[in-house]
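What follows is a short report on a single structure.
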Amino acid sequence: MRGRALAAAGRVGSGGPGRWRGDFAMRASRLHLPTLRDPPKDGDTVSHQLLVRGGYIRRVAAGIYSFLPLGVRVVERVKAIVREEMNRAGALEVFLPAVVPAELWQESGRWEKYGPELLRLKDRKNAEFCLGPTHEEVVVDLARKDVRSYRQLPLNFYQIQTKFRDEMRPRAGLMRGREFVMKDAYSFDATVAGAHASYRTMYDAYVRTFERMGLAFRPVEADTGAIGGSMSHEFQVLADSGEDALVACGACTYAANVEKCPSPAPARASLPGDAGPSAIVATPGAKTIDMVCAALGCTPRQMIKAVLYEADGQPVAAFVRGDREANEVKVKAHLGAGLVALADAAWFAKATGLPPGYVGPVAADGSGALGGNGGLGHGGGVRCVADAEVMALTTAVCGANEKQAHRQGVVPVRDCSGLTVADIRMAVPGDPCPQCGAALRGFRGIEVGHVFYLGQKYSQAMNATFVAEDGTEKPFEMGCYGIGVTRIVSAAIEQNHDERGICWPVGLAPYPVVVLPLAIDGPQAATAEAIEAALEARGIDVVRDDRDERPGVKFNDADLVGYPLHIVCGRKAQDGVVEVKIRRTGERFETPVAGLVDRVAAALAAARAGGPLHAAALQ
RNA sequence: CGGGGCGUAGCGCAGCCUGGUAGCGCACCAGACUGGGGGUCUGGGGGUCGCAGGUUCAAAUCCUGUCGCCCCGACCA
């Protein structure tokens, strides 16, 4: 097919990687482009609705989608850019199995640890397998089989694969599906310094990758999570609809996930000489911070909020100021616990004898300081941790550890002693930048990439070693690096759409140009065909909307599908003049057909690096 | 996994409360007109009413169970 079309056009194809050329799909009537006028019922995320309405994807099951021809093209655009940048960075493409034998996961210990997100299967012999949600095990196995010496290092293997994670709740279309396409890379180095260099190389490659895609993004410092390790950055596409809360400094380059961003420790309040003892007051029915404030005439800032956790099966009470949010990641890090989750209220009550909703850092008998061993609950068995801000309060209101009651006039530095103090709150916009002190600004983001320094976690567990320069056997120093290919498709739309439809960045558009003949015969159609052929000959992917539809239908479909550049062949086509519209800006102007293809080629080439299409270059 | 909601034509929905010939808009097919932002008219085709039981002379409608899906939350290398 390809060869035939190229021959017919009498030229040699020169499409870059990831491009198809020369098939017959560029006529809209042959493109299978089932656009929908009404938004689908399945989900209300903008990008998902536009992908379905624009004829890119169809839902098959929860979190599982089919890609239509146009959808495939966008995915391939993403893959092509990712491949080029990975290859440029010296990574080597491999292709690992989607179905992975259980033994490998048992070896790393994750068969037990990973939980129900890991979709497990059995074959006909009853042997166990899983659908790979990530591929550390497989790639470590690959490396340990063939890499014996430091002389073979460093190595970086990557693949573009369909992953499966049996998410508890798939949502938002491609953004958080169960089946999704991901690029994952794994670096192997002989030394920590080498691993850091590999990390840096990947980081830089990611910056280039997302720039070329025309996305507004920010690399942010991220939590290293269960995996441990010391270095991790997320690449976040900035979008109000994003799931992740970020803070970034306006003055320097610092940016972080709010979970990761350290908060400053304010000075402890000094003990006021004239403070009276705290007292318990009845606050019937006051379940929320706001209700307590209304009842007692205080502000959330003056309150101490208890957040109850279950950490490795043990009850933990975390105290933060009433206007703050507890940061589970920091709590977990502080406790050094393996599993931390918000506690079930009934479980907590049963385990501690304390009334959830009325828990405070001062023992129920009101005698003042807590006992040595944490103090709270029967037997004093509840571990307590307070945010540093709590100890900076001069007086405060907190739960009384009695039902329907709070304690007023609490002086934390005096009354709270059986607890540890740490930074456990969520960072918020306005906090000082940990690097330069300027005020942080808040953003929301969609995580499209993640780079991670792993160290020896997997190589050690799986006994993947090489012989080092000094003759000793050492585990590989590793890093892993993911890019959510299909998620990018969604994220790009979240960031690039308007009320009419998608506004693809040139680098990601399924076709950068659409030609719209407003009549299906006569000079308008002839001009459109000529422009299509000329663009095609220049290696530019183009759709010609040859359908016998009214102009309004074609305009609306073109806007919905989101071709970056529209060439309209209307009445003036017979005089050699067409109209060009830039989808994103809505700019429109008439321009002579003569030389148009050159101008289009130049404008697209300029925009392909990630920049905008400029009207001036097209006129 | 907790809370809420929805399953009726390809898509979006009404009908259900109060049981009695399964409907509307868009899309689709044929024809005519029309032709710069989802146009008009005429005539058509298309439905196991999610599934399984039950009640009833009769069930889309009432009852029980079950499956699927969406939203909020919890969770997320």
Side-chain angles (χ1 to χ4, degrees), chain A residues 34-45 48-49 52-53 55 58-64 105 108 110 113-118 132-137 163-173 175-178 180 182 184 186 222-229 232 234 243-244 257 259 309-310 328-329 339-346 447 449-452 454 457-458 478-484 487 499-501 516-522 524-525 545 547-560 566 568-573 578-579 581 586 588 590:
Chain A
T35 55
L36 304 176
R37 187 183 301 221
D38 300 314
K41 191 180 49 169
D42 57 337
D44 52 12
T45 307
H48 180 244
Q49 292 199 342
V52 173
R53 283 222 294 140
R58 292 289 182 260
R59 195 188 64 78
V60 175
I64 300 178
W105 279 68
S108 72
R110 288 208 290 185
K113 278 185 205 156
Y114 207 87
E117 262 193 25
L118 186 65
T134 173
H135 281 74
E136 283 83 3
E137 284 81 0
K163 310 278 191 199
F164 196 95
R165 290 182 196 168
D166 199 356
E167 293 268 356
M168 234 181 255
R169 186 187 152 212
R171 69 183 86 179
M175 206 90 85
R176 181 181 279 285
R178 290 192 291 174
F180 56 97
M182 178 168 160
D184 46 327
Y186 306 89
D223 174 44
T224 48
I227 239 171
S232 175
E234 292 166 349
E243 289 187 291
D244 294 337
N257 197 305
E259 292 180 341
Y309 289 99
E310 178 178 352
E328 196 172 303
V329 167
L339 272 176
V340 174
L342 280 179
D344 176 76
E447 182 189 352
H450 202 155
V451 294
F452 224 112
L454 288 175
K457 180 178 165 91
Y458 291 93
M478 291 181 59
C480 69
Y481 318 92
I483 290 181
R487 180 181 278 187
E499 58 292 337
R500 306 195 56 79
L516 305 173
L518 297 188
I520 57 164
D521 47 24
Q524 305 186 16
D545 194 343
R547 297 173 302 168
D548 185 9
E549 291 286 357
R550 299 176 62 85
V553 174
K554 296 189 183 188
F555 291 140
N556 281 313
D557 272 354
D559 286 343
L560 173 61
H566 305 185
V568 181
C569 304
R571 289 199 189 90
K572 293 191 181 169
V578 295
E579 186 177 297
K581 169 176 158 181
R588 297 188 216 188
E590 293 184 338

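Lettering follows sequence order; numbering is per chain, from 1.
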A correct 5'-to-3' footprint of nucleotides 5-14 of chain B, with B, S and - meaning base, sugar-phosphate only and no protein heavy atom under 4.0 Å, is -S-----SS-
For [X] and [N], what is the distance between atoms [atom1] and [atom2] respectively, to the nearest whole Å?
X         : N      : atom1 : atom2 : answer
Asp548(A) : G39(B) : CG    : C1'   : 13 Å
Leu560(A) : A27(B) : CG    : P     : 15 Å
Asp557(A) : A27(B) : CG    : P     : 12 Å
Phe555(A) : G39(B) : CZ    : C1'   : 14 Å
Lys554(A) : G37(B) : NZ    : P     : 13 Å
Ile64(A)  : G68(B) : CD1   : P     : 12 Å
Asp166(A) : C1(B)  : CG    : P     : 11 Å
Arg550(A) : U40(B) : CZ    : C1'   : 9 Å

Taking the [atom1] atom of each, how far is [N] from [M], in whole Å?
N      : M      : atom1 : result
G19(B) : C63(B) : C1'   : 13 Å
G5(B)  : C49(B) : P     : 25 Å
G20(B) : A58(B) : C1'   : 7 Å
G25(B) : G38(B) : C1'   : 13 Å
G39(B) : C76(B) : C1'   : 50 Å
U66(B) : C57(B) : P     : 28 Å
G31(B) : C72(B) : P     : 47 Å

Could you tell me whether the side chain of Glu549(A) has a donor or acceptor atom within less than 3.5 Å of a complementary atom in the base of G38(B)?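 No pair found.
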Quick check: any donor-acceptor pair below 3.5 Å linking the side-chain of Arg59(A) to the base of G68(B)? no
Partner lookup for G31(B), please. Criteria are Watson-Crick or G-U wobble with both distances under 3.5 angstrom; report none if nothing qualifies.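 With both distances under 3.5 Å, G31(B) matches C41(B).
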Base paired to G68(B) (Watson-Crick or G-U; both N/O distances under 3.5 angstrom):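 Check on G68(B): paired to C6(B), both distances under 3.5 Å.
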Before you tell me yes or no, could you show the steps for Lys581(A) and Asp559(A) under side-chain contact (heavy atoms from CB on, under 4.5 Å), namely the whole-Å CA-CA distance, both residues' side-chain angles and the distance that decides it to 0.1 Å? CA-CA 10 Å; Lys581(A) 169 176 158 181; Asp559(A) 286 343; 2.8 Å; yes
Report the distance from atom CD of Glu549(A) to atom CG of Leu518(A), rounding to the nearest 0.5 Å. 12.5 Å
Residue closer to the 5' end of RNA chain B, Asp244(A) versus Thr35(A) (nearest nucleotide): Thr35(A)
Which sits closer to the 5' end of RNA chain B, Pro133(A) or Gly63(A), going by the nucleotide each is nearest to?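 Closer to the 5' end of RNA chain B: Gly63(A).
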Among [options], the nucleotide that comes nearest once only the side chain of [X] is considered:
X         : options                : result
Met168(A) : C70(B), C76(B), C75(B) : C75(B)
Arg171(A) : C75(B), A27(B), G37(B) : C75(B)
Asn556(A) : C76(B), G38(B), C75(B) : G38(B)
Lys581(A) : G37(B), C76(B), G36(B) : G37(B)

Using a cut-off of 4.0 Å on non-hydrogen atoms, how would the nucleic acid contact of [X] be classed: base, sugar-phosphate, or nothing?
X         : answer
Glu447(A) : nothing
Glu243(A) : nothing
Arg588(A) : base
Glu167(A) : nothing
Lys163(A) : nothing
Asp521(A) : nothing

Among residues at least two apart in sequence or on other chains, which ones pass ring-ring contact (aromatic ring centres under 6.0 Å, His included) with Phe555(A)?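 Once residues adjacent in sequence are excluded, Phe555(A) has no partner under the ring-ring contact (aromatic ring centres under 6.0 Å, His included) criterion.
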Please test Glu136(A) against Lys457(A) for side-chain contact (heavy atoms from CB on, under 4.5 Å), starting from the C-alpha separation and ending with a verdict. CA-CA 10 Å; Glu136(A) 283 83 3; Lys457(A) 180 178 165 91; over 6 Å; no
Can a side chain N or O of Arg169(A) be found less than 4.0 Å away from OP1 or OP2 on G2(B)? no
